[in-house]
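Whatever order the structure lists ligands and atoms in, that order sets their numbers, starting from 1. These values consider heavy atoms only, across backbone and side chains, with no hydrogens, waters or symmetry-generated copies. Note that the coordinates shown come from a computational prediction; the quantities given were computed from them, not determined experimentally.
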Amino acid sequence: MLMKIAVFGDIHGNIEALKSAYQAALSVKAETMYHLGDLGGYSPFVNEVVGFLIEHGIEGVQGNYDETVAHDREHCGCKYEDPIQEEMANKSFEWTKKHASPETKEYLGKLPFSISFIAEGKKILLFHATPSKNNLYWYADRPDKFFREMAEKTDADVMIYGHTHKPYRKDFGGKVFVNAGSVGKPKDGDPRACVALITIAADKMNVEFLRVPYDVQKAVEAIIASGLPGYFADKLKEAR
Ligand SMILES: [Fe+2]
């Protein structure tokens with residue numbers, strides 16, 4: 001038996017990217033699909049993204065952005081590398097809190113912190129960033145000690161998460177760590193949507209990162225038309 005799981009990380013209001021990612025998951029015959037939260041911000045379609053996920057029965061976990069938008073917090077729980085990025089991020093956060101509908105906020109607020117299930121005898125655990133915090137950046141180059149500490153927080157065999165927008169797979173200590181990358185705002189230099197496709201069999205596990213072309217120009221124009229900073233349109237094209 002095989003199980004194919006498609007995972008959509010960090011969609012961030014980019015409905016064009018999500019639609020294409022979903023079609024790609026269908027075309028490779030994924031049996032189940034999940035999202036990893038951070039459904040709004042940077043692109044304008046948070047309500048449409050939530051509507052699409054509900055319509056297609058795609059369950060998922062709560063990201064830092066979802067939690068903070070749902071509760072109208074002061075800060076999104078994001079980290080900044082420079083003052084311009086901070087200023088732009090604040091604009092995006094204010095825009096998203098203002099435009100997310102009450103129904104959207106209710107959905108975001110009710111998302112679970114994590115989801116676990118068994119596939120082919122393996123324990124799978126999905127969360128946004130780490131097993132205990134939704135806003136810590138778990139990059140591939142974290143030392144092995146960090147991977148060990150995170151693994152000790154759970155009894156999962158496979159951990160699937162996002163938040164950094166940079167995909168990777170790492171096998172360590174008998175466990176598999178998968179960062180699913182980002183559907184709607186990749187930061188690894190490749191502007192195509194990223195979908196993690198995890199194929200699990202009793203004796204092995206395969207992880208692929210599908211890169212899905214979509215109409216980036218349409219997404220860029222929608223950012224500009226929405227009143228969000230053009231800064232995010234540039235970032236989307238550059239995948240930075
Ligand atoms: Fe995040």
Check: Between the Fe ion (ligand 1) and Asp10, is there an N, O or S atom separated by less than 2.8 Å?
Finding: no

Next item on the list: Inspect the contact between Arg148 and Glu152 and indicate whether a charged nitrogen and a carboxylate oxygen are less than 4.0 angstrom apart.
Entry: no

Note to self: Measuring centre to centre across the rings, with the benzene-like ring taken for any Trp, is His12 within less than 6.0 Å of Tyr42?
What the structure shows: yes

Check: side-chain contact (heavy atoms from CB on, under 4.5 Å) with Gln85: which residues, sequence neighbours excluded?
Finding: Tyr80, Glu81, Asp82, Tyr231

Next item on the list: Restricting to N/O/S, name the atom of Asp38 that gets closest to the Fe ion (ligand 1).
Entry: OD2

Next item on the list: State the atom name: nearest N, O or S atom of His128 to the Fe ion (ligand 1).
Entry: NE2

Item checked: Ionic contact status for Lys218 with Glu16, cut-off 4.0 Å -> yes

Checklist line | Any N, O or S atom of Asn64 closer than 2.8 Å to the Fe ion (ligand 1) | finding: yes

Margin query: Report the atom name of the nearest N/O/S atom of His163 relative to the Fe ion (ligand 1).
Written below: ND1

Checklist line | Metal proximity, Cys78 vs the Fe ion (ligand 1), N/O/S cut-off 2.8 Å | finding: no

Margin query: Any salt bridge linking Lys91 with Glu87? Criterion: basic side-chain nitrogen under 4.0 Å from a carboxylate oxygen.
Written below: yes

